[in-house]
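Notes to accompany the following structure.
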Protein chains: 2
Amino acid sequence: MKPSDTYVPLQCRLVNDVIALVGDKWSILIIVLLGGGRKRFMDIKRAVDGISQKMLTVTLRGLERDGYVTRTVYPTVPPKVEYELTDLGRELLVPLRTLGSWAIANHDRVAAARAAYDARQLPQAAE
Amino acid sequence: MKPSDTYVPLQCRLVNDVIALVGDKWSILIIVLLGGGRKRFMDIKRAVDGISQKMLTVTLRGLERDGYVTRTVYPTVPPKVEYELTDLGRELLVPLRTLGSWAIANHDRVAAARAAYDARQLPQAAE
DNA sequence: CGGAATCCTTGACGATACTG
DNA sequence: CAGTATCGTCAAGGATTCCG
């Protein structure tokens, strides 16, 4: 970005920086999931069925780095690692759920808009 | 995702479907920008400096398809196209700003968490 | 001016195998 | 169990060019 960002002020940097994780498909799911309490690595993996263990590790590392979750290792055999939301993570849950509620409430309108849009476009391709 | 999604219920599909655009770096910026009123293609491009015209076109198409913005073409020479938020788009602005406010208010905490995390990790790499 | 089409690079992500 | 490491794929996105 250049200095000519009059419409995109400094705040956008901050916002984008923080909500970058919102864009990450897995991060939100995991934060909401951990909103239900502390969980082990494999439990999260099973709950978020479809995620690879690599992505789960990477995602959890990112969330830990940003201060949203804590990682507790129990030096037992076999190893046991638990993840839990921090205060910051629990606070993030609030605006996240606001957005989630809006999404659920308005999903039909978006779906309708898409259907209408596609209905307008596809016939033209057949001309 | 498989049918075994007991922890990741149907609602997640809906939510993810809608907030997929939140993940898109440009979509949010553009929606917030259009929150300030109707704008022309090039004005948006200049405002969101750093976006390629390809991505701007693709992003605007997506927002139009989802019913967040309207696209008005004036058949003049040279062409003039204006984009404006729909009611749905203006409503989305609300939860989006909630999240944005949270991001701005807590950016420092995230930055601090990152710094602390990196400070713990980097020295170990030097061992 | 607004946008479509093409090419090309990059890195995100999955699959797999190995370790403490 | 909870990772780390390596490799291969594939599609998102930038740069460029042409069109109405």
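In what follows, chains carry the letters A, B, and so on, assigned in the order in which the sequence lines appear, proteins first and then strands, with residues in each chain numbered from 1.
Between A:Arg40 and D:dA2 there is a side-chain polar atom (N or O) within less than 4.0 angstrom of OP1 or OP2.
Between A:Leu60 atom CG and D:dT4 atom C1' the separation is 15 Å, expressed in whole Å.
Taking CG of A:Leu60 as the start and CD1 of A:Ile44 as the end, the distance is 5.0 Å to the nearest 0.5 Å. Between B:Leu29 atom CG and B:Leu56 atom CG the span is 11.5 Å, to the nearest 0.5 Å. With values rounded to the nearest 0.5 angstrom, B:Thr57 atom OG1 is found 3.5 Å from B:Phe41 atom CZ. With rounding to the nearest 0.5 Å, the separation of CG in A:Leu63 from CD1 in A:Ile31 is 5.0 Å. How far NZ of A:Lys45 is from CD1 of A:Ile51: 7.5 Å, rounded to the nearest 0.5 Å.
If you check residues 62-76 of chain B against DNA chain D, you find no residue with a heavy atom closer than 4.0 Å.
No continuous path of ILVMFWY side-chain contacts below 4.5 Å connects B:Val77 to B:Val73, so the two sit in separate hydrophobic clusters.
Mapped onto DNA chain C by nearest heavy atom, B:Val81 and A:Pro78 fall at different nucleotides, with B:Val81 at the one closer to the 5' end.
Taken over five-pair windows at either terminus, the axes of the helix from C:dC1-D:dG20 to C:dG20-D:dC1 are inclined to one another by 40° (rounded to 10 degrees).
The shortest non-hydrogen separation linking A:Leu99 to B:Pro95 is CD1-CB, 3.9 Å. The two residues B:Lys39 and B:Leu33 come nearest to each other via the heavy atoms NZ-O, 3.7 Å. Taking every heavy atom of both residues into account, A:His107 and B:Val18 meet most closely at CD2-CG2, 3.9 Å.
For residues 52-65 of chain A, the pairs satisfying salt bridge (Lys or Arg N to Asp or Glu O under 4.0 Å) are A:Arg65-B:Asp118, with sequence neighbours left out. Screening residues 93-104 of chain A for side-chain hydrogen bond (donor to acceptor under 3.5 Å, both in side chains) gives no qualifying pairs among residues at least two apart or on separate chains.
For A:Ser27, the side-chain hydrogen bond (donor to acceptor under 3.5 Å, both in side chains) test picks out A:Asp24, with sequence neighbours left out.
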Query raised in the report: Just by protein heavy atoms under 4.0 Å, how would nucleotides 8-20 of chain D read 5' to 3' in B, S and -?
Result: -----BBBBB--B

Return a table of donor-acceptor pairs under 3.5 angstrom between the side chains of residues 81-88 of chain B and protein atoms on other chains or two or more places apart.
| unit_1 | atom_1 | unit_2 | atom_2 | d |
| --- | --- | --- | --- | --- |
| B:Glu82 | OE1 | B:Arg38 | NH1 | 3.3 |
| B:Glu82 | OE1 | B:Tyr74 | OH | 3.2 |
| B:Tyr83 | OH | B:Arg71 | NE | 3.2 |
| B:Glu84 | OE1 | B:Arg38 | NE | 3.3 |
| B:Glu84 | OE1 | B:Arg38 | NH2 | 3.2 |
| B:Thr86 | OG1 | B:Gly67 | O | 2.6 |
| B:Thr86 | OG1 | B:Tyr68 | O | 3.2 |
| B:Thr86 | OG1 | B:Leu88 | N | 3.3 |
| B:Thr86 | OG1 | B:Gly89 | N | 3.1 |
| B:Asp87 | OD1 | B:Arg90 | NH2 | 2.9 |

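The footprint of chain A on DNA chain C, defined by a heavy-atom cutoff below 4.0 Å, extends from C:dC13 to C:dG20.
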